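Every value quoted in this text rests on a predicted model; they were computed, and no experiment measured them.
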Amino acid sequence: QVQLVESGGGSVQAGGSLRLSCVASGNTFASWTMAWFRQAPGKEREFVAAIRWSSGSTYYEDSVKGRFAISKDNAKLTVYLEMNTLRPEDTAVYYCGAGFVGQRYNSAIQYDYWGQGAQVTVSS
């Protein structure tokens, strides 16, 4: 079994910063892709960023490029999402996902494992 545990959510004013962490445990795999998705009330879960565990290649949704950065710590089996210049429209529950993902890294159904979610609230 695989467990993903997110932390680091909270409330911040527009323009502020937060860092999310996702720790993986259990049967982890070097060929995984790990990603962050978010879901706002009444909306579908949407892609934010992804990172290939073996190569370190990263991918971002257009609206977060230049503001968010995804990174990993191999030794700690942890993925981070550094979020800067936050906007009210970034408010959502942020979920960490992991799985053997091909080209469709931005599709939630490609991920087999999910964390419990971390609330991020950005006020104007």
When the aromatic ring centroids of Tyr60 and Phe68 are compared, is their separation below 6.0 Å?
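No, the ring of Tyr60 stays outside the 6.0 Å limit from the ring of Phe68, centre to centre.
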Please confirm whether the ring centroid of Phe37 lies under 6.0 Å from the ring centroid of Tyr111.
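Here the rings of Tyr111 and Phe37 have centres that are less than 6.0 Å from each other.
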Is the Trp32 ring parallel, tilted or perpendicular to the Phe100 ring (thresholds 30°, 60°)?
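If you compare the ring of Trp32 with that of Phe100, the planes turn out perpendicular.
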same_hphob_cluster([X], [Y]) at 4.5 Å side-chain heavy-atom cutoff:
{"X": "Tyr94", "Y": "Val12", "value": "yes"}
{"X": "Trp53", "Y": "Val101", "value": "no"}
{"X": "Val48", "Y": "Tyr95", "value": "no"}
{"X": "Val93", "Y": "Tyr113", "value": "no"}
{"X": "Phe47", "Y": "Ile70", "value": "no"}

Which atom pair, heavy atoms only, marks the closest approach of [X] to [Y]?
{"X": "Gln39", "Y": "Lys43", "result": "NE2-O, 3.1 Å"}
{"X": "Gly99", "Y": "Asp112", "result": "CA-OD2, 4.0 Å"}
{"X": "Ala14", "Y": "Pro88", "result": "CB-CD, 4.1 Å"}
{"X": "Ala24", "Y": "Leu4", "result": "CB-CD2, 3.6 Å"}

Within the distance-only criterion (no hydrogens, no angle test), does the side chain of [X] pair as donor or acceptor with the backbone N or O of [Y] below 3.5 angstrom?
{"X": "Ser107", "Y": "Arg104", "answer": "no"}
{"X": "Glu6", "Y": "Gln116", "answer": "yes"}
{"X": "Lys72", "Y": "Gly56", "answer": "no"}
{"X": "Ser57", "Y": "Ser55", "answer": "no"}

So, do [X] and [Y] sit near enough that their side-chain heavy atoms are less than 4.5 Å apart?
{"X": "Ser54", "Y": "Ser31", "answer": "no"}
{"X": "Met34", "Y": "Cys96", "answer": "yes"}
{"X": "Trp114", "Y": "Arg45", "answer": "yes"}

With no hydrogens and no angle check, just 3.5 Å: does a side-chain donor-acceptor pair link [X] and [Y]?
{"X": "Arg67", "Y": "Thr85", "result": "no"}
{"X": "Tyr105", "Y": "Arg52", "result": "no"}
{"X": "Thr121", "Y": "Gln119", "result": "yes"}
{"X": "Gln3", "Y": "Ser25", "result": "yes"}
{"X": "Asn84", "Y": "Ser17", "result": "yes"}

Measuring from [X]:[atom1] to [Y]:[atom2], what's the distance to the nearest 0.5 Å?
{"X": "Asp90", "Y": "Ser63", "atom1": "CG", "atom2": "OG", "answer": "6.5 Å"}
{"X": "Ser124", "Y": "Gln13", "atom1": "OG", "atom2": "CD", "answer": "9.0 Å"}
{"X": "Leu86", "Y": "Leu18", "atom1": "CG", "atom2": "CG", "answer": "5.5 Å"}
{"X": "Asp73", "Y": "Tyr80", "atom1": "CG", "atom2": "OH", "answer": "4.5 Å"}

Run Val120 and Met83 through side-chain contact (heavy atoms from CB on, under 4.5 Å) and show every step you take.
CA-CA 10 Å; Val120 171; Met83 303 183 291; 3.8 Å; yes
Less than 4.0 angstrom from a charged side-chain N to a carboxylate O is my criterion; do Asp62 and Lys65 meet it?
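The answer is yes: the pair qualifies as a salt bridge.
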